[in-house]
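Heavy-atom basis, side chains included; hydrogens, waters and symmetry copies ignored.
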Protein chains: 2
Amino acid sequence: MTFSARPLRLATTDSGFDAALAARLHWSADTDAGIEQAVADILRAVQQRGDAAVLEYTNRFDATQAKSLAELELQPAELRAAFESLPAKQRDALQAAADRVRVYHEAQKKASGESWSYRDADGTLLGQKVTPLDRVGIYVPGGKAAYPSSVLMNAIPAQVAGVGEIIMVVPTPRGEKNPLVLAAAHVAGVTRAFTIGGAQAVGALAYGTETVPRVDKVTGPGNAYVASAKRRVFGQVGIDMIAGPSEILVLADGSTPADWVAMDLFSQAEHDELAQSILLCPDAAYIEQVQVAIDRMLNEMPRAEIIAKSLNGRGALIHTRTLEEACEISNRIAPEHLEIASRDPQKWEPLLRHAGAIFLGAFTSESLGDYCAGPNHVLPTSTTARFSSPLGVYDFQKRSSLIEVSEAGAQKLGAIAAELAYGEGLQAHARAAELRLKP
Amino acid sequence: MTFSARPLRLATTDSGFDAALAARLHWSADTDAGIEQAVADILRAVQQRGDAAVLEYTNRFDATQAKSLAELELQPAELRAAFESLPAKQRDALQAAADRVRVYHEAQKKASGESWSYRDADGTLLGQKVTPLDRVGIYVPGGKAAYPSSVLMNAIPAQVAGVGEIIMVVPTPRGEKNPLVLAAAHVAGVTRAFTIGGAQAVGALAYGTETVPRVDKVTGPGNAYVASAKRRVFGQVGIDMIAGPSEILVLADGSTPADWVAMDLFSQAEHDELAQSILLCPDAAYIEQVQVAIDRMLNEMPRAEIIAKSLNGRGALIHTRTLEEACEISNRIAPEHLEIASRDPQKWEPLLRHAGAIFLGAFTSESLGDYCAGPNHVLPTSTTARFSSPLGVYDFQKRSSLIEVSEAGAQKLGAIAAELAYGEGLQAHARAAELRLKP
């Protein structure tokens, strides 16, 4: 069977371009009432009956026959054995990726995650103390989307942040364990791991059970049940963002081999038929070359069917007037992954305000970022890069303000605070400040 | 009418102490199905009919007679005039508070909010670019909880972050404007302001209307309708946390005048009868002195009734074995405001892991932090300090990863990425990396 992929062709000079682009970008996370109800029931059961409920749901949904939740815990020795049993090349690649991810996140902690303070002229100390979360839960999907790289990308920033305990959950339908996922848990420094999944695993982490310890935050991707459960436990625990389909946007000046760009579009499209791959380029002949490369390479790809569906349904090759205009459109789209396939990427980077990750120059394929460049591959999707950030060390830390007012400072600040507090009708606030004033 | 306040007395040596403390801390944000439905309807109407819907709801709920949404915009001249018309002492206090808040948040930006990058040995660049949000919306409650200090605490971090436009919304029931709120908007550098509120104002900011521009994030406190609307638009825009009742926890070694501590407990309790004030102290005689001070001062307070309800219903004076034990209990509670009323606060501060803001020493009344010490007064409540942070410059910025892989880097990274991508069954990812390898 052969497939054909023809991404939508648009030009910014088309009448109706804005509407056509908006239609192509449209994606909505519909919530399913059946899923919502099922998840509410599961969470309630886990909250009330703890281990027993988690065990029942796990045996039912994952077709396992465990007798106790303790049976579903993976021991550290098993994780280490999985790592040691990998073929040498794979083991080395996993370790090399983990090392690079760790170095990047250590730099991130140093640059933006340390405590600070200063004293003003009155000797009053002001600052912020940064502390790691005590305990976090990492959800790792089982089945077809079981990605060891996601284990690294969630666990390593937590470990670099200094989180005391990292609890991993991963469903193992019919008891089948993915050795690469277990090995990644070993490399990434996961503290404890349980082979449970779905809303019941999210509930176990959020509320705690006899066997699964309660965590302070749950991160990691999952299916619609997991996403719904994360939304529901939010507030009880922290959560990371709820991800939509993956996206790539390539800005091209025509200097990067068309094959490379076509393959980068494929690499996004192969995730999921809802994934989105967009090319923006002022050079019509180059767009044509990319289409030719797509035609030539598509049927060599094992996942050609998914790629074709994704490119036909959601892909676009867009002819722009200039690369400046392409940058403006990119800011409107706020893509998860943004490649600047240009001879002079540093010229364009400052124009790009909204993106999860920016890949500069021909040699920076998005897939290098997915695995081992160092930055996190958990990135904001569906235009949320307008207001949110890659998963990072900062997601596993929290800040506390520090204030130590000197006696001299209390005299000045007390007068200001009292004036404003009386203005707001909060007299006890005012009196608390005034009691510290010298007579 | 006179009131009496007797916070619950507990001792850590009591049998059943843990359960008694848990019961005292219990608070749940019940969602009301009627409110949920009303908010869903309002948001849908605003999304579909824009200005017209916002105008209808505003005239209905706020008892106004506006003919167009443009009429409900506050002009900059009106904000400035409100500031200039304040009594000099109030004007100076507002300006002084704003200046201190700005200095603190500038230090915060410098310490943790700047872009950074490094190159590895292969010449590959890795980093993170920090950019401000384009446009944010700030919700300011009207009526009894109209606090000008909240305008400063929401708008100034946004302005320091470099946000292009700050849109304030504030309901004005029966058209009554609060001059201090308008003045604060002037001082804090609000770009545009509308006298609209409720779920309709949140919808207008999240979706945009003909008159109200769409924003990227909505922050600020509000009633149950506003909180529900913020939860619903989350994803479409960013939101800050949903706040529960305010809390103070005081750790005392007995060296701070008992009056001062009692007044600090009052200052939290006067916000709301659900507010929570807790004292932890190893000195039983001192706890008695605080109760005596409560008895003596309560009926001098204009808000004595609210204070009494709050202290009787949710307050606690807890006798601990030691101050170390008090620190452990504080970490379990993860309070919004934490005072260390000790002769040696720096000794205890490192033991305190979870708190929104920490106030060190006798002179640092919590109320100084509310208005003018500099740090933000928007803080995590209801134990969420376990995983979240004060509102800050970082809430008005987002980060983008930067990766520029050199040709040499692409050779090493490409081999690693391809190995892992094949392991995950993502062949286009692997091929994209391999195409960059030299033959």
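Residue A:V181: no heavy atom, backbone or side chain, is found under 4.5 Å from chain B. Neither the backbone nor the side chain of A:D92 comes within contact range of chain B; no heavy atom of the residue lies under 4.5 Å from a heavy atom of that chain. At a 4.5 Å heavy-atom cutoff, the contact between A:F359 and chain B is made by backbone and side-chain atoms alike. A:T383 does not touch chain B: none of its heavy atoms, backbone or side chain, sits under 4.5 Å away. Of the atoms belonging to A:W260, heavy atoms from both backbone and side chain fall under 4.5 Å from chain B. Looking at A:A362, the atoms closer than 4.5 Å to chain B (heavy atoms on both sides) all sit in the backbone: N, CA, C or O. Looking at A:V103, the atoms closer than 4.5 Å to chain B (heavy atoms on both sides) sit in the backbone and in the side chain alike.
In terms of heavy-atom pairs under 4.5 angstrom with chain A, the leader among B:E114, B:E270, B:M263, B:Q268 is B:E270. Note on B:S367, B:P302, B:A415, B:S401: by heavy-atom pairs under 4.5 Å with chain A, the leading option is B:S401. No other option in B:P375, B:G113, B:P345 has as many heavy-atom pairs under 4.5 Å with chain A as B:P375. Comparing B:T124, B:L94, B:V237 by heavy-atom pairs within less than 4.5 Å of chain A, the highest count is held by B:V237. The candidate from A:N331, A:L126, A:T384, A:I307 with the greatest count of non-hydrogen atom pairs under 4.5 Å with chain B is A:L126.
For the pair A:E424/B:Y371, a side-chain contact is recorded, criterion being any heavy-atom separation below 4.5 Å from C-beta on. Counting heavy atoms from C-beta outward, A:I358 and B:I403 have side chains that stay 4.5 Å or more apart. Between A:S267 and B:L426, the closest side-chain pair of non-hydrogen atoms is not below 4.5 Å.
In this structure B:E419 satisfies the side chain to side chain contact (heavy atoms under 4.5 Å, CB included) test together with A:K89, A:Q90, A:A93, sequence neighbours excluded.
Side chain of B:R399 to backbone of A:G356: no donor-acceptor contact under 3.5 angstrom is found.
Looking only at atom types and distance, the side chain of B:Q427 has no donor-acceptor partner in the side chain of A:E300 under 3.5 Å away.
Minimum heavy-atom separation, B:L368 to A:A410: CD1-CA, 4.4 Å. In this structure, A:A96 and B:I416 approach most closely via the heavy-atom pair CB-CD1, 3.6 Å. Residues B:F387 and A:L133 share a closest heavy-atom pair of CB-CD2, 3.8 Å. Closest of all the heavy-atom pairs between A:A107 and B:W116 is CB-CZ3, 3.8 Å.
Note on residues 127-136 of chain B: pairs passing side chain to side chain donor-acceptor pair (under 3.5 Å), not counting sequence neighbours, are A:Q108-B:Q128, A:E349-B:K129, A:R353-B:D134, A:H354-B:D134, A:Y394-B:Q128, B:T131-B:K398, B:R135-B:E165.
Rounded to the nearest 0.5 angstrom, A:Q397 CD and B:S112 OG are separated by 10.0 Å.
Ion pairing of A:R431 with B:D259 is absent here, as no side-chain N (NZ or NE/NH1/NH2) approaches a carboxylate O to less than 4.0 Å.
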